[in-house]
Number of protein chains: 2
Amino acid sequence: MIIATAQQFDEAVKAATTMHELDDLLHDITREMGFQHFALSHHVDVPRAPQPALRIHNYPGDWEAFFDAERLGPSDPVHRASHLTNAGFHWSMLPQLIVLTRRDEEILAKSRKAGLTDGFTVPAHIPGESAGSCSFASARGKTPRREWMPLAQFIGATAFEGARRLVGVRRIDQDRPRLSDRQRECIYWAARGKSDWEISKILGISHDTAIQYMKEARGRYGVGNRTQLAIHALFDGALTFTDALRR
Amino acid sequence: MIIATAQQFDEAVKAATTMHELDDLLHDITREMGFQHFALSHHVDVPRAPQPALRIHNYPGDWEAFFDAERLGPSDPVHRASHLTNAGFHWSMLPQLIVLTRRDEEILAKSRKAGLTDGFTVPAHIPGESAGSCSFASARGKTPRREWMPLAQFIGATAFEGARRLVGVRRIDQDRPRLSDRQRECIYWAARGKSDWEISKILGISHDTAIQYMKEARGRYGVGNRTQLAIHALFDGALTFTDALRR
DNA sequence: GAGCTATTCCCCAGAAATGGGGAGTTTCAA
DNA sequence: TTGAAACTCCCCATTTCTGGGGAATAGCTC
């Protein structure tokens, strides 16, 4: 039965075409899991974020107002804790995950007062994107059963992924430039901070040739410098962070 | 019953004190979910990684040998795909997640030949740490039921978290460089391909000052050029791709 | 007040990147 | 066989980056 719920949710999310639909789905599943509230969001200061950020929730309005007024997006203790793990966690575990400052205690007290007594948060991190999470919260005296946590973990991850798709956080690579092997190798080393001269030595080619490949690669991506080149290659998957950060 | 399995696993992982115990737990649960193999690892070239990296698995020995010989840790198509999502995915979804090169096709063919016919991978990303994942694979003709995927998502995340705890992967959250506002703004524009001179005009400061902030930012991250600077900032979340790709 | 950081400005010299030009071979497909 | 694309090398001029100095103001903390 629980499994059926999970699968239905997964399929419904994949079929959703608007954030509004996703919102509805989260609404329903939240209740079904025994929670009262959900909040799926990027950990940024949403009202002031320069780029489009995710946020759908049904938290109490006054909590949202407080949250935004205090710019808690990046500093909320639940969010901070979610930056240290990839597994979902009960809010009761917070003290084991981060050091709670006085300010944090105030925030938590305030959230309890707003009707968010207990909760479960599923982190959602993707290299190069804003940190995010999907939380489920319950009001006083309505503690959801521990048995639902594995389901919540799945629901949170699935919902976040669906939201990313709907908002178009990352368009799966469509018109990606085709790179030659040598061009790719040059980008790889350039992203690791190598100069054209160093790249030429690594690849055993002349300095001029390395420069040439970098020129061509910039041309393929339509960018004018190696920083943008590396970032585009990272974004479209031609490179990974593990490539670029290795030293 | 499935829920009971998940909970038991969760508790057992939390109680485990050695990687060996975790290995055993994964062994059992893998079978219980209808898979034959599991692999929990960081996406690095494990034998050559300078820092401690996670890897426990029961993949066939010849596959592991091939994997290491070819240094697939960072470039394996399944791993690459897992860098683009936070939700678990079937390997059959790979073509929708990344562009499969001929090399990728070869790798996948090789893995099938080694007995890894189909599988399900749960990404595990934490800002500032190596990308990782927990995969479950099945041999020919033994396709695990879709119903188990929500469970697999939970198991993968839980197991990865347990492994991190056991290995003592320290979160470099604390060591993440602290940037001043101006430094961050300079990185932001530099990642968007602006020169120091352009940045100075945008921020309304002198050219020299922009150069100065870039120097300091490089110093904070311990890197020597703006490409690495941008990549590091992207990786640890100080920047996002949405920032860097905007034109 | 001493010490720290952020912010702002300045100078210099060498290294590196960028944009422009050209030209040969090989390989693979139409 | 004709052509496209990859791979390789070379030259030039200009711009940009990087690393090394130094210094003033403001604000905050111990």
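A note on names: the letters A, B, ... follow the listed sequences, proteins ahead of strands, and every chain is numbered from 1.
Rounded to a whole Å, the CG atom of A/Leu179 is 14 Å from the C1' atom of D/dA5. Here D/dT8 presents its C1' atom at 14 Å from CD of A/Glu185, a figure rounded to the nearest Å. Spacing between atom NE2 of A/His207 and atom P of C/dA15 amounts to 12 Å, rounded to whole angstrom units. One atom, OH of B/Tyr213, and another, C1' of C/dC10, lie 13 Å apart when rounded to the nearest Å. Taking atom CG of A/Leu229 as the reference point, atom P of C/dA17 lies 12 Å away to the nearest angstrom. Rounding to whole angstrom units, CD of residue A/Gln228 and C1' of C/dA17 are separated by 15 Å. As rounded to whole Å, 13 Å separates atom P of C/dT8 from atom CG of B/Asp208. Between the C1' atom of D/dC7 and the CG atom of A/Asp181 lies a distance of 11 Å, rounded to the nearest Å.
Within the structure, salt bridge (Lys or Arg N to Asp or Glu O under 4.0 Å) contacts touching residues 214-229 of chain A (residues at least two apart or in different chains) are A/Asp196-A/Arg226.
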Worked check of side chain to side chain contact (heavy atoms under 4.5 Å, CB included) between A/Tyr213 and A/Ile187 | CA-CA 9 Å; A/Tyr213 293 152; A/Ile187 298 177; over 6 Å; no
Evaluate side chain to side chain contact (heavy atoms under 4.5 Å, CB included) for B/Leu108 paired with B/Leu94, printing each intermediate quantity in order.
-> CA-CA 10 Å; B/Leu108 291 172; B/Leu94 275 181; 3.9 Å; yes
Determine, stepwise, if the pair A/Leu203 / A/Trp189 fulfils side chain to side chain contact (heavy atoms under 4.5 Å, CB included).
-> CA-CA 10 Å; A/Leu203 300 183; A/Trp189 290 107; 4.0 Å; yes
Could you please spell out the steps behind the side chain to side chain contact (heavy atoms under 4.5 Å, CB included) verdict for A/Tyr59 and A/Ser111?
-> CA-CA 10 Å; A/Tyr59 275 12; A/Ser111 77; over 6 Å; no
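With hydrogens and angles left out, the side-chain atoms of B/Tyr188 and B/Arg192 include a donor and acceptor closer than 3.5 Å.
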Pairwise N/O distances under 3.5 Å, protein to nucleotides 19-26 of chain C:
unit_1, atom_1, unit_2, atom_2, d
C/dG19, OP2, A/Arg218, NE, 3.2
C/dG19, OP2, A/Arg218, NH2, 3.4
C/dG20, N7, A/Lys215, NZ, 3.3
C/dG20, O6, A/Lys215, NZ, 2.3

Could you list all N or O pairs between the protein and nucleotides 28-30 of chain C that sit under 3.5 Å apart?
none

Taking only nitrogen or oxygen atoms into account, show me every contact under 3.5 Å that the protein makes with nucleotides 14-16 of chain D, one pair per line with its distance.
none

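Dashed line: the shortest gap from a side-chain N or O of B/Thr209 to OP1 or OP2 of C/dT7 is not under 4.0 Å. Between B/Arg220 and C/dT5 there is no side-chain N or O to OP1 or OP2 distance below 4.0 Å.
Counting any heavy atom pair closer than 4.0 Å across all strands shown, B/Arg184 reaches no nucleic acid atom.
Counting only heavy atoms from C-beta outward, the side chains of A/Met19 and A/Asp23 never approach each other to under 4.5 Å. Between A/Met214 and A/Leu229, the closest side-chain pair of non-hydrogen atoms falls below 4.5 Å.
A/Gly193 and B/Asn225 get closest at one heavy-atom pair: O-ND2, 2.9 Å. Minimum heavy-atom separation, A/Ala191 to A/Ala230: CB-CB, 4.0 Å.
Taking 4.0 Å as the cut-off between side-chain N and carboxylate O, A/Lys201 and A/Glu198 do not count as a salt-bridged pair.
Between A/Phe160 and A/His42, the two ring planes are perpendicular [angle over 60°; tilted spans 30° to 60°]. Using the six-membered ring where Trp is involved, B/Phe120 and B/His90 have ring planes that are perpendicular, over 60° apart on the 30 and 60° scheme.
Within residues 198-206 of chain A, the residues approaching DNA chain D are A/Ile205, A/Ser206, by heavy-atom distance under 4.0 Å.
Residues passing the salt bridge (charged side-chain N to carboxylate O under 4.0 Å, His left out) test with B/Lys14 are B/Asp10, sequence neighbours excluded.
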